[in-house]
Amino acid sequence: MLDLDLTENIRALRSTFADITAVVDVDRLNAEIARLSELAEAPDLWDDTAYAQKITSELSHRQAELNKLNSITSRLDDLEVLVELANEAGDEDSAKEAQAELESITAVLGELEVQTLLNGEYDSYPAVVTIRSGAGGVDAADFAEMLLRMYLRWAEKHNYTVNVLDTSYAEEAGIKSATFEVDAPYAFGTLSVEAGTHRLVRMSPFNSAGKRQTSFAAVEVVPLMPESAAIEIPENDIRVDVFRSSGPGGQSVNTTDSAVRITHLPTGIVVSCQNEKSQIQNRAAAMRVLTSRLLLLQREEENAKKKELAGNITASWGDQMRSYVLAPYQMVKDLRSDYEVNNPTHVFDGDLDGFIAAGIRWRKSAETR
């Protein structure tokens, strides 16, 4: 007979889960699902494809969130039974299964607990992420492409919907910049902690002398605003340029002037989109991103004014927020939260949850100081 005792562990998980459900407000979540379900059942829903996709996507996200919450209680109950059976039968395999399930539930609750910290004005919105290569020449362009793959792999592992809007390729290798949307619950709140300057240190594959090279890339994250939040942008405030899509090649690439670049003249903000097939679709997508950036800029200016009036204009984010070191040792370290791992390969393959959770907790802690 085994003596596997997970009583205290399970009790602690139940306590954490109770705190999470109190913050999440399951009644409100059920009401939101009911409202979206009613909209999704409308006979004319698909007369407007974009609107229909928005409603069905929101409904799917909310249902997945509720299903995750509902599954926790039954999983904890089943875990207690599994521990009891393992002890009675002296079954080592069942004991290992119980330990694995304990770790799995702990990880899920950790994700949910972090989500409860995302209560900012725009945290629940989808995100628009832009990656730009910085100092470091071709190494920086290559690093920017590594970051793009890292975030796409992270989204893929979570089954999040991603739409790459624009990619500007560098001449020798890598990319100058890329912009993509992530449509997922709390995508902006989650990914906003990734904004900032990222640094890579490695033995450069582009240096014939094999010298160590330091390169930089910038990550910008803005919330994708709903159409109802759109601000009016006068036509004479923007310049629209059309051009042929650029890329490695393939169908519908470099064949028509379908790509669109919009410049907002008063602010100098530039947005490009070349992912869609038609110029009209690319313009609509670019205007959506431009609106999001202008709304965020407006909010930042308001906050800056408040800080100036309060006598506090200290920036809360440093220029360099994370280092990826591949030589002479292996390490990825967040310089704000001090969270680090010694396996850069896994990080570049999308294993970012630990960094994101640490970043969200660090930000919440910084807000309360």
### Message
Just verifying a value: how many Å separate Asp123 CG and Leu191 CG, rounded to the nearest 0.5 Å?
### Response
11.0 Å
### Donor on one side chain, acceptor on other, Ser168 and Ser177, under 3.5 Å
no
### Query
Could you walk me through whether Arg75 and Asp77 pass the salt bridge (charged side-chain N to carboxylate O under 4.0 Å, His left out) check?
CA-CA 5 Å; Arg75 288 181 67 181; Asp77 292 340; over 6 Å; no
### Task
Could you tell me whether the side chain of Thr73 and the main chain of Asn70 form a donor-acceptor pair under 3.5 Å?
no
### Task
Kindly indicate, with the supporting measurements, whether the criterion salt bridge (charged side-chain N to carboxylate O under 4.0 Å, His left out) is fulfilled by Lys176 and Glu171.
CA-CA 9 Å; Lys176 295 178 182 177; Glu171 294 180 3; 5.2 Å; no
### Task
Could you verify whether a donor N or O on one side chain and an acceptor N or O on the other, from Thr130 and Arg293, lie under 3.5 Å apart?
yes
### Query
How long is the span from the CG atom in Asp91 to the NZ atom in Lys96, to the nearest 0.5 Å?
10.0 Å
### Message
Go through it in stages, so that I can follow the logic: the residues are Lys54 and Glu58, the test is salt bridge (charged side-chain N to carboxylate O under 4.0 Å, His left out), and I'd like the CA-CA distance, side-chain angles, deciding distance and then a yes or no.
### Response
CA-CA 6 Å; Lys54 176 177 178 292; Glu58 286 185 10; 3.0 Å; yes
### Message
Once side chain to side chain contact (heavy atoms under 4.5 Å, CB included) is applied, do any residues pair with Glu8, and if so which ones, sequence neighbours excluded?
### Response
Arg11
### Donor-acceptor side-chain pairing of Ser57 and Asp183 below 3.5 angstrom
yes
### Query
Nearest heavy-atom pair of Met321 and Ala195: which atoms, and what distance?
CG-O, 3.8 Å
### Query
Do Ile105 and Ile20 share a hydrophobic cluster (ILVMFWY, side-chain heavy atoms under 4.5 Å, transitive)?
yes
### Query
Considering only heavy atoms from C-beta outward, does the side chain of Leu200 approach that of Phe216 to under 4.5 Å?
no
### Message
In terms of relative ring orientation, are Trp154 and His158 parallel, tilted or perpendicular, with 30° and 60° separating the classes?
### Response
tilted
### Polar contact flag, side-chain donor to acceptor under 3.5 angstrom, Arg202-Ser215
no
### Message
Grouping I, L, V, M, F, W and Y whenever their side-chain heavy atoms are under 4.5 Å apart, do Met146 and Val221 come out in a common cluster?
### Response
yes
Just list the side-chain donor-acceptor pairs under 3.5 Å for residues 324-331, sequence neighbours left out, or say none.
{"from": "Tyr324", "atom 1": "OH", "to": "His198", "atom 2": "ND1", "distance (Å)": "2.8"}
{"from": "Tyr324", "atom 1": "OH", "to": "Arg322", "atom 2": "NH1", "distance (Å)": "3.2"}
{"from": "Gln330", "atom 1": "NE2", "to": "Leu326", "atom 2": "O", "distance (Å)": "2.8"}

#### Entry: Heavy-atom pair of closest approach, residues Tyr186 and Leu118
CE2-O, 3.4 Å
### Task
Please round to the nearest 0.5 Å and tell me the distance separating atom OG1 of Thr56 and atom CG of Leu39.
11.0 Å
### Query
To the nearest 0.5 Å, what is the distance between CG (Asn30) and OG (Ser37)?
10.0 Å
### Query
Among side-chain atoms of Ser204 and Asp139, is any donor-acceptor pair under 3.5 angstrom?
yes
### Query
Any side-chain donor-acceptor pair under 3.5 Å between Gln281 and Ser278?
yes
### Message
Quick one: does any side-chain atom of Asp237 pair with a main-chain N or O of Ile233 as donor and acceptor, under 3.5 Å?
### Response
no
### Task
Using a 4.5 Å cut-off on heavy atoms from C-beta on, say whether the side chain of Tyr151 contacts that of Leu352.
yes
### Task
Measure the CG-CD1 distance between Leu265 and Ile238 for me, rounded to the nearest 0.5 Å.
8.5 Å
